There are 2 protein chains.
Amino acid sequence: MDESRRERKKRQTRRLIAETAIRLFGERGYEQTTVAEIAAAADVATKTFFNHFPSKEDVLFTGTRERNAVLLEVIAGRRPGESLPDLLTRMYEKLLADYRAEGVEAEDPALMKTYTRLVMTVPALQAKALYMTFELQKEIAETLVKVYPDELDPVGAAAVTGSVLGAVQGAALASMDLGEPEERFWASMRRGFDLALRGLSR
Amino acid sequence: MDESRRERKKRQTRRLIAETAIRLFGERGYEQTTVAEIAAAADVATKTFFNHFPSKEDVLFTGTRERNAVLLEVIAGRRPGESLPDLLTRMYEKLLADYRAEGVEAEDPALMKTYTRLVMTVPALQAKALYMTFELQKEIAETLVKVYPDELDPVGAAAVTGSVLGAVQGAALASMDLGEPEERFWASMRRGFDLALRGLSR
DNA sequence: TCATAGAACTACACTAAGTGTAAAAATGCA
DNA sequence: TGCATTTTTACACTTAGTGTAGTTCTATGA
């Protein structure tokens, strides 16, 4: 077995806490739910919550770092001679694929929807999400400079990254605000991406 | 007198708290400084701090809402027949002018520098700054739809806005990270803006 | 000048997030 | 079984932030 009982139980506890948290947040609202209540509902000590998650918000952003790492790998794996627009497009496709896969693999679609609603409406969670996107942006820019040493300097790379992610994010959020259905949502995100990309290809 | 004594004293207290806060943050660091310490140093009750500022972070973002409002006015005041790139350029010029004026009008340049360093390095403050930019973005996009009813829909406007602000922000932060001097910093910001704008003009 | 309404400030009690520590319980391994 | 390591727990503590009621200061009208 590649996972010991200890590791398995730890993961279980972590997962139990996270799912309990989303459920309670959905029922009572984010601010109205205390960490103590989550811990009690999951039948663990309050401290155990903070042993697994550095803050109350973090319980909602468990997989984000890993998902971001995947995008960075795409950038780092620039193919020989691959143009910047092509590489960014590959990254975007990967982002999209992950996003859709997440929706499918989710064992509980209702939780997924609750999650989206929370992150879109609760200021503290929005700020957290923005901050993490911001960190991703810096890492992408840094990696871009490495794989395009002759074409990109740090400022240019940061501008490109900010432009692309900003456009995609803006379009996605606007689409959600409008309550657009699934398929139009993907189309809107694509529009944002294409718009930003046009600035690169001269 | 257009300002009563009451209003004047209130403003004085508010200003005293804000300046004391920046000074202490600069000396001891943001997290290491408690609101109680700030209040004590400014010789007011802790509650008075929260009467003026909703949170510890907010003491560092006093003028932001007003400055953002100015940018929105530029957008709302689209001149007859003015193209989107022209209007955005006017907004950018305004942003720049405000930014430079702020640096000049600052009675204490050292505090200004401390302020910049804090906002750039402390996670909680970065997140707050990002969140406020995000809110500005939404308002700009909303206003753009109003002044370009035939050319822009909500998704397009959000994409444009996100692209431009994202690029400018990315370039500016990268420039600061590099420690570029004043003049190169402005040039870098401009590069970001121009890059994003290219995506619009065809 | 005095009286009074309202605004700002203060004192105080309280909730909740988050940290540090040491002990207890569970697990891995010899 | 015995021992080391990891996870969980209990507990005490700090700090951000809220609610309330009372006090002080300011504006204003008689």
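Side chains included, hydrogens not; waters and symmetry mates left out as well; all remaining heavy atoms used. No experiment lies behind these values; they were computed from the predicted model shown.
Within the 4.0 angstrom heavy-atom criterion, base atoms lie near Lys47(B). Within 4.0 Å (heavy atoms only), Lys10(A) reaches sugar-phosphate atoms of the nucleic acid but no base atom. As judged by a 4.0 angstrom heavy-atom cut-off over every strand, Thr34(A) is placed among residues touching the sugar-phosphate backbone only. Here Thr13(A) lies in heavy-atom contact (under 4.0 Å) with sugar-phosphate atoms only.
Comparing Thr46(A) and Ala36(B) against DNA chain D, the residue whose closest nucleotide sits nearer the 5' end is Thr46(A). In this structure, Lys9(B) and Ser55(B) both approach DNA chain D, and ranking their closest nucleotides by distance from the 5' end singles out Ser55(B).
The closest donor-acceptor contact from the side chain of Tyr115(B) to the backbone of Leu60(B) lies under 3.5 Å.
Between Glu31(B) atom CD and dA17(C) atom C1' the separation is 15 Å, expressed in whole Å. Summarising the geometry, the separation between CZ on Phe25(A) and P on dA17(C) is reported as 9 Å, rounded to the nearest angstrom. To the nearest angstrom, P of dT15(C) lies 16 Å from NZ of Lys56(A). The distance between atom CG of Asp58(A) and atom C1' of dT19(C), rounded to the nearest whole Å, is 15 Å. The distance between atom NE2 of His52(A) and atom P of dT6(D), rounded to the nearest whole Å, is 15 Å. Separating the CZ atom of Phe53(B) from the C1' atom of dA8(C) is a distance of 14 Å, rounded to the nearest angstrom. Distance CD (Glu37(B)) to P (dT14(D)): 13 Å, rounded to an integer number of Å. Taking atom CD of Glu3(A) as the reference point, atom P of dT6(D) lies 16 Å away to the nearest angstrom.
Counted by atom type alone, Ser83(A) and Asp86(A) present one or more donor-acceptor pairs between their side chains at under 3.5 Å. Checked by atom type, the side-chain pair Ser175(B)/Glu180(B) shows a donor-acceptor distance below 3.5 Å.
Judged by the 6.0 Å distance and 45° axis criteria, Lys56(A) is positioned over the aromatic ring of Tyr30(A).
Look at Arg5(A) and you'll find a side-chain N or O under 4.0 angstrom from OP1 or OP2 of dG28(C).
The residues Glu27(A) and Arg23(A) are annotated as salt-bridged, a charged nitrogen and a carboxylate oxygen being separated by less than 4.0 angstrom.
Counting atom types as modelled, Arg6(A) pairs no side-chain N or O with a base atom of dT7(D) as donor and acceptor under 3.5 Å.
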